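Encoded as structure tokens, the structure appears first; notes follow it.
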Amino acid sequence: MKDRTYTNSLTYIGAAAGVVLFAVFGLLPGSFLGGVMGLNLAGSILGTPVAAGVVARLIVAASMVLGVMVAGIMFITAASTLGWLIGTVVDGLRARSSSMAEAKHKA
């Protein structure tokens with residue numbers, strides 16, 4: 001199975017689809033969940049009624065960025081893996097059908 005054209009193409013198409021899906025469905029929830037985790041972390045470190053200080057805001061902002069990054073990694077990795085898997089199956093089927101055609105041609 002030397003021809004990997006569909007595998008590479010569908011991996012890139014899956015990554016692009018993952019970026020689009022992340023932009024539509026993952027950006028806002030990733031920010032919200034990261035912010036909630038940041039508020040919980042700042043509350044446990046600095047005290048439960050979180051004051052509007054610089055340290056608390058930095059903790060919340062950093063966790064929001066982390067939440068967005070994790071959501072993006074999940075969407076892009078899942079879509080790329082799915083594209084790679086479909087491309088590998090298609091390339092395998094094409095290699096099998098071409099080898100069957102060569103066997104019939106030789107006989």
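Each residue takes its place number in the sequence, starting with 1. Since the structure is predicted, the reported quantities are computational estimates derived from the model, not experimental observations. Both backbone and side-chain heavy atoms feed into the values below; hydrogens, waters and symmetry mates do not.
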Subject >> Set of side chain to side chain contact (heavy atoms under 4.5 Å, CB included) partners for T81, sequence neighbours left out >> reply: T77
Subject >> Approximate separation, where rounding is to 0.5 Å, of D91 CG and S9 OG >> reply: 8.5 Å
Subject >> All side chain to side chain contact (heavy atoms under 4.5 Å, CB included) counterparts of L27, not counting sequence neighbours >> reply: F22, V68
Subject >> Qualifying residue for side-chain contact (heavy atoms from CB on, under 4.5 Å) with Y6, from V90, V89, T88, I86 >> reply: V90
Subject >> Residues that, via side-chain heavy atoms closer than 4.5 angstrom, fall in one hydrophobic cluster with V36 >> reply: none
Would you list the atom pairs, donor with acceptor, under 3.5 Å between side chains in residues 10-21 and any protein atom, with sequence neighbours excluded?
residue : atom : partner : partner atom : Å
T11     : OG1  : T7      : O            : 2.6

Side-chain atoms of residues 41-60: list all donor-acceptor pairs with protein atoms under 3.5 Å, sequence neighbours left out, distances to 0.1 Å.
residue : atom : partner : partner atom : Å
S44     : OG   : N40     : O            : 3.4
S44     : OG   : L41     : O            : 2.9

Original post:
Mind checking what makes side chain to side chain donor-acceptor pair (under 3.5 Å) contact with R94, not counting sequence neighbours?
Top reply: D3
Original post:
Any idea which heavy atoms bring S63 and G38 closest together, and the distance?
Top reply: OG-CA, 2.9 Å
